[in-house]
Structures are given as structure tokens and as C-alpha cells.
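The structure appears below as C-alpha cells.
Since we're looking at a predicted model, the values are computed, not measured. Sequence positions, counted from 1, serve as the residue numbers for this chain. Every heavy atom of this structure was used, including side-chain atoms; hydrogens, water molecules and symmetry mates were not.
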Amino acid sequence: MTTDKTVTAPDGYVQPELDVRALTEVLDGEYAEIRDLVRTNLVTYASVLEEADGLGTDAYRERVRELVVEMAATGQTGMGFPKRYGGGGDVGASIAAFETAAFGDLSVLVKTGVQFGLFGGAILHLGTERHHDAYLPDLITGKLMGCFAMTETGHGSNVQALGTVARYDAAAQEFVITTEGDQARKDYIGNAARHGELAVVFAQLEVGGKSEGVHAFVVPIRSGGEVVPGVDIEDDGRKMGLNGVDNGRIRFDGVRVPRDALLNRFADVTPEGVYKSTIDNPDRRFFTMLGTLVQGRVSVGGAGVNAAKVALAVATKYALRRRQFAAGSQEEEQLLLDYGLHQRRLLPLVARTYALHFAQDVVRTQLHDVFSGVEDDPQARRRLEARAAGTKALGTWHATRTIQECREACGGAGYLAVNRFAALKADSDIFTTFEGDNHVLLQLVAKGLLTDYASEFEDLDQLGMVRYVTNLAVETVIEKTSAHKLLERVRDLLPGGDEWDQEAGLLDSEYQLAMVRYREEHMLAGVARRLKAGIDRKRDAGAVFSEVQDHVIAVAHAHVERLVLEAFVEKTRTLPEGGNKVALGLLCDLFALSTIEADRAWFMEHGRLTVQRSKAITREVNDLCRKVRPLAGGLVDAWGIPSAMLRAPDLVG
């Protein structure tokens with residue numbers, strides 16, 4: 001299928017011819033087969049989109065559970081588990097499947113993520129063969145439902161400070177799990193209120209009166225559908241969205257589990273009560289344990305991007321059929337997408353969605369390589385953790401912003417519950433919070449930048465990171481963390497010498513990359529200097545870090561945007577010559593220049609943009625929107641969203 005036949009404009013610009021099917025193949029990549037399986041399942045169970053509105057909470061939860069089990073039977077949800085237990089043995093495919101499932105009902109998606117990603121992932125990555133043999137076969141089919149009990153009422157992001165305690169009773173060779181006060185109750189736990197039979201419980205391990213830090217335990221919470229003695233479960237009740245997921249609160253009152261309930265990949269307790277671990281440093285042990293669960297962040301980031309695609313597909317299709325006001329002397333009213341403002345509202349978001357899609361491809365590949373053993377360097381794992389954190393933050397913020405803009409772009413019709421926007425807004429909003437609050441995740445990104453993923457990376461809390469940076473010369477930090485010899489490289493590539501940013505062409509990808517690289521490295525140098533200055537004045541490290549937190553978040557955001565642009569540029573360069581490469585080139589330029597435009601104040605403050613240059617960028621963004629506009633329908637069709645998932649009859653026809 002092709003669309004948008006070649007058109008030559010008066011200024012000589014030749015509109016590219018878009019091959020939608022070929023572009024879908026580019027986007028699906030190596031995982032086209034599993035993505036198509038998910039699309040087929042989405043269509044088969046499309047009725048859940050309407051059932052979500054019509055069913056009561058209890059019935060909706062049951063329907064979601066049924067669908068999760070039925071989809072598991074197709075192999076869609078088990079791709080990341082070893083083949084010997086009935087899985088697909090392909091971590092990358094499991095992420096691709098999850099991303100694609102985000103086109104559909106998000107309660108089904110999140111229930112899938114809880115069951116197979118969080119609960120199953122914890123058993124797989126933190127447990128050993130005895131746990132795999134005992135739980136994985138039934139877990140993969142959905143016969144055994146479980147939950148992931150990490151978050152507590154009083155501790156969300158600060159997992160190291162969890163209040164639940166697991167004390168080892170050597171005489172009985174059992175762990176005793178106890179909730180020490182209301183702040184230590186497990187909260188917002190998916191699968192807890194109704195369906196979970198087991199929970200992977202994160203608790204402070206005490207052996208012989210000594211605390212060994214947070215560890216994970218397999219704890220029964222139901223038997224035969226009834227809550228077991230010592231466990232108290234409370235329903236979290238209705239939420240803003242995702243009401244097909246049974247979130248609940250769990251308390252443990254001296255619940256005893258056998259010694260082998262400890263997920264012991266990284267540490268164990270002997271029958272006599274001796275604690276043993278292959279990782280001596282407790283902080284490093286903790287971060288190594290959490291690092292194995294990074295696929296949740298990769299999954300949620302990709303799901304956010306795909307939820308944004310659904311919103312953009314609806315809004316773009318609506319804008320291509322809805323007319324409003326007559327333009328000039330024309331009798332017929334004008335299509336919404338022919339208005340410059342409407343193009344400005346939607347098309348940069350389409351470009352950013354494509355950019356984030358290709359950035360997701362990179363982090364998914366890194367995850368697959370690390371978890372399949374292709375890349376086993378500890379540095380690679382640290383880079384993965386930071387990149388996953390940053391991509392998740394930008395992807396989910398993008399979803400929230402995009403869905404809102406698309407709803408508004410569809411006017412009153414977009415507000416009706418019969419269309420997808422009501423569910424998309426309500427169900428995706430929490431994506432910015434779970435699997436890590438986005439602001440906390442960006443602090444993790446900045447920590448990696450400031451320490452260059454030093455061998456001490458796992459050991460450093462925020463204050464340790466401040467001290468680490470200030471113990472080095474600031475110039476050393478900048479030299480170590482600098483990803484690019486920026487000015488030297490730019491002088492080689494672009495005209496103008498030191499005036500490169502005034503002379504280079506706006507549509508030169510090297511100019512665009514140089515701008516975002518300069519921003520990142522200048523911000524990074526500034527943070528390092530501010531941290532060092534504070535400590536040099538003998539100020540408290542915590543107070544110093546708190547004062548520069550906004551700067552820390554800004555540099556992390558700039559870093560991830562640079563990674564996203566690099567991924568887009570690289571992908572575009574690898575495509576064969578033709579209309580699709582030209583079209584993606586337009587989108588790449590639109591993403592890059594709209595990103596620079598959005599932060600033009602910073603670039604002007606720091607001497608990288610003149611007033612004239614800034615105005616030229618705005619004109620270029622407008623021109624790119626006009627060039628992308630005839631391609632817009634094909635660009636959103638290339639995402640391959642099943643029409644049944646758009647569920648917006650008044651908007652898309």
C-alpha cells in the first residue's frame with residue numbers, strides 16, 4: 001500500500017511517496033511476528049473496550065483476568081520466560097508484545113504486566129531453579145496468579161527503607177514476615193485485592209538479630225480463594241483508571257514461610273542461620289537485585305509511547321475529515337488539519353512519537369543483550385538501567401501530554417466516553433508514577449552522568465554522589481562524562497568555525513545534534529560546579545543537592561532528549577533511499593527543531609541562538625508541519641493500530 005502520490009511544490013520541494021506497509025515493517029522490526037499475534041488477539045477481544053464501560057468493578061476485574069489467561073494460552077505473554085517452562089525464551093520479544101498490547105485496554109495490559117512482568121519476573125530473576133521449577137509452569141499459563149509486593153504506604157520510591165520485616169527463626173527454619181506499623185503495609189499492589197494466590201514480598205531480612213537489607217520472599221496470601229491466616233488484605237477501591245486491576249493493601253502478622261521461600265539468587269540463609277552472599281557490599285547487593293527488574297521500566301516506557309499513538313491516530317484521522325469554517329472564498333469549510341495551528345498541535349507530537357519509538361528500539365535491544373548474556377559487562381548493565389529510567393520518564397510524560405492535546409483537538413466529541421480518550425487519559429495517567437516516579441528516575445539518570453557509572457555506582461546514594469563528584473576536579477568529571485568532543489567535532493563537520501551555530505544549516509542533522517549535545521554538556525558542567533562550590537564552602541551535602549535538584553533534573557532531561565534524537569537520526573540514515581526515508585527525515589527534522597524551539601530561552605541565554613536564528617527555527621518548524629501534513633494519514637496508519645482499537649466512531653468514521 002502506498003499513499004500520497006508525488007507532488008512538486010512551486011518552490012521545487014518534491015513531496016515524497018509514502019509506502020505505508022513498508023514503513024510498518026520498519027517500525028515492527030525484527031518482532032513483526034509477535035506484534036501481529038498481539039494485534040490479532042486485540043481484535044479477537046476488542047469487546048473489552050466496551051465492556052469496560054458497561055460492567056461493574058467486580059465483573060470488569062473478572063473479565064480482565066479471563067482475557068489475561070486466554071491471551072497467555074496464545075503464547076503472547078510468556079515470551080520472556082525460558083522455553084523449558086513453556087515460555088518463548090526471547091526477552092526482546094516479550095517487551096515488543098507488551099508495547100503492542102498497549103493499543104488495547106490498558107487494564108488488561110497492566111494486569112499482564114503485574115502477572116508476567118513483575119510477579120513472574122521476580123521469580124525468574126531473583127529466584128533459583130527450585131523456584132523456577134515450583135512456580136514458572138503454572139505462572140506462565142496464568143493458572144497461578146501472583147503479585148509483586150514492594151511499595152509501601154510510607155515508602156514508594158525509597159525501597160531501601162521498607163518497613164516490612166522478615167526475621168529468620170533458626171529453630172523452625174522459617175522466616176517470619178511482619179508488617180511493622182501502618183506505614184509498612186504493602187499498598188497499591190496489583191492482583192492483591194482479588195486474584196493473587198502468592199506474593200513476592202520485599203522485606204528487611206533479619207538474621208540473628210542483624211539486618212541484612214531488603215530481600216524478596218515468596219509468601220502465600222490465599223488458599224482456595226480464601227485469604228490465609230496472618231494475612232490481611234484490603235481493597236484499594238476505585239481509582240482514576242485501570243479499574244480492571246484489583247489493587248489492594250496487604251498486612252502480614254507473623255506469617256511464617258519455609259527457608260526456601262527466600263528468592264536466593266544473590267543471597268541465602270543456611271539452615272543454622274548463617275547469612276551468605278556472593279556480593280559482600282550490601283548496597284551493591286541491593287542495587288544488583290533491583291537492577292534485574294529493569295524490564296518493567298522498559299515495558300512501561302514503550303507502552304506509554306503506544307498509548308500516545310492511539311490518541312494521535314484518532315485525532316489525526318478526525319482532523320482529516322472534520323471541517324470547520326470556510327477559508328477565503330471557498331464555499332466548503334476547511335479541514336482541521338489544513339489549519340496551521342492544528343498542524344502545530346498534532347504534527348510535532350507525531351514526530352516526537354516516532355523519535356521515542358526508535359529510542360525504545362535501542363533500549364529494548366540493550367535489555368535483550370544484557371539479559372540474554374550477549375552483553376555481560378557491569379557497565380553495560382548500569383547504562384541500561386539509566387537509559388531505561390530516562391526513556392520511561394520521557395515516554396510516559398509524552399503519553400500524558402499527547403493524549404490531553406489530542407482530546408482537545410477533537411473538541412466536544414473527544415470528551416464522550418464512547419471514544420477512547422476517556423479511558424486513555426484515566427488509564428495511562430499513572431504510567432508517570434509506577435515503575436518509578438519520573439522525577440526520581442531522572443535523578444538516577446543524572447547520577448550516572450555525574451559518576452560516569454563508576455564502579456561505586458551501586459553504593460552511592462544522593463549524598464554519596466555529591467561527595468564523589470566534589471572529590472574530583474570538576475574538569476575531570478566533565479572530561480569523564482562528556483560523550484562528545486563537541487566543539488572540535490563540530491568545527492570539522494560544519495562551516496563557520498566558532499560561529500558554527502550561526503552558519504550551519506538548520507536541517508543539517510549534525511547541527512541539530514550539536515545543539516542538544518552542547519546543552520547537555522553545559523548543563524552537566526554547571527551541576528558539577530554547583531555541587532563542588534557548595535561542598536567547598538563546607539555546606540551540608542544534602543542541602544547542596546536539594547538546592548540543585550532542578551538543575552539535576554534538567555541535565556537528565558537534556559541527556560535523554562539527546563539520546564532520543566541520536567536514535568532517530570541513526571535510524572533514518574540506515575534506511576534505503578526512497579519516499580519513506582525522505583518522510584522520516586522530515587519527521588526527524590521536525591522533532592529536532594521543535595525540541596530546540598521549546599527550549600529556545602536556554603539556548604539564547606547561553607549564546608547558542610540569536611534572535612534571528614530563533615525566528616528562523618520557528619519558520620522552519622512551520623514549514624516542516626506543512627510538508628508533513630499531506631503524509632499525516634499514512635504516518636499514523638503505519639503504526640498498525642487495529643481499527644477496532646481506535647473505538648471512536650464519531651471521530652474516525
Could you report the tightest heavy-atom contact between [X] and [Y], atom names first, then the distance?
{"X": "Phe98", "Y": "Val300", "result": "CE2-N, 4.4 Å"}
{"X": "Leu42", "Y": "Gly104", "result": "CD2-CA, 3.8 Å"}
{"X": "Ala583", "Y": "Pro16", "result": "N-CG, 4.2 Å"}
{"X": "Arg61", "Y": "Gly237", "result": "NH2-O, 4.3 Å"}

Query - Value rounded to 0.5 Å, distance of CG in Leu593 from CG in Asn622 - result: 11.0 Å
**Report entry** Residue that, paired with Asn438, satisfies side-chain hydrogen bond (donor to acceptor under 3.5 Å, both in side chains) out of Thr396, Thr433, Thr400, Thr432
**Finding:** Thr396
Report task. Decide yes or no on side chain to side chain donor-acceptor pair (under 3.5 Å) for Tyr318 and Asn419, but give the supporting numbers first. Result -> CA-CA 12 Å; Tyr318 181 64; Asn419 299 317; over 6 Å; no
Requested in this report: Could you walk me through whether Lys627 and Asp623 pass salt bridge (charged side-chain N to carboxylate O under 4.0 Å, His left out), step by step?
Outcome: CA-CA 6 Å; Lys627 290 175 178 175; Asp623 186 56; 3.1 Å; yes
Report task. Go through the steps for His195 and Val68 under the test side-chain contact (heavy atoms from CB on, under 4.5 Å), then give the verdict. Result -> CA-CA 12 Å; His195 298 131; Val68 168; over 6 Å; no
Query raised in the report: Can you check side-chain contact (heavy atoms from CB on, under 4.5 Å) on Lys317 and Asp637, steps first, answer last?
Result: CA-CA 9 Å; Lys317 289 175 180 295; Asp637 284 343; 2.6 Å; yes
Please determine if [X] and [Y] form a salt bridge, counting it only when a charged side-chain N lies under 4.0 Å from a carboxylate O.
{"X": "Glu405", "Y": "Arg352", "result": "no"}
{"X": "Arg573", "Y": "Glu510", "result": "yes"}
{"X": "Arg519", "Y": "Asp599", "result": "yes"}
{"X": "Asp235", "Y": "Arg194", "result": "no"}
{"X": "Glu597", "Y": "Arg600", "result": "yes"}

Query raised in the report: Regarding Tyr31 and Arg35, is there a side-chain donor-to-acceptor distance under 3.5 Å anywhere?
Result: no
Report task. Assess the side chains of Gln360 and Thr391: does a donor N or O sit below 3.5 Å from an acceptor N or O? Result -> no
Any side-chain to backbone donor/acceptor pair from [X] onto [Y]? Under 3.5 Å, distance only.
{"X": "Arg562", "Y": "Val516", "result": "no"}
{"X": "Gln343", "Y": "Leu337", "result": "yes"}
{"X": "Asn306", "Y": "Glu99", "result": "yes"}

**Report entry** Partners passing salt bridge (charged side-chain N to carboxylate O under 4.0 Å, His left out) against Asp550 (at least two apart in sequence or in another chain)
**Finding:** none
Report task. Classify the angle between the aromatic ring planes of Phe568 and Phe358 as parallel (below 30°), tilted (30 to 60°) or perpendicular (above 60°). Result -> tilted
Report task. Step by step, work out the salt bridge (charged side-chain N to carboxylate O under 4.0 Å, His left out) result for Arg517 and Glu520. Result -> CA-CA 5 Å; Arg517 288 166 178 166; Glu520 174 190 346; over 6 Å; no
Query raised in the report: Among Leu506, Ile617, Leu565, which one satisfies side chain to side chain contact (heavy atoms under 4.5 Å, CB included) with Ile596?
Result: Ile617
**Report entry** Qualifying residue for side chain to side chain contact (heavy atoms under 4.5 Å, CB included) with Ser299, from Val294, Leu367, Ile95, Leu118
**Finding:** Ile95
**Report entry** Check against side-chain contact (heavy atoms from CB on, under 4.5 Å), Asp28 and Thr100
**Finding:** CA-CA 9 Å; Asp28 282 356; Thr100 311; over 6 Å; no
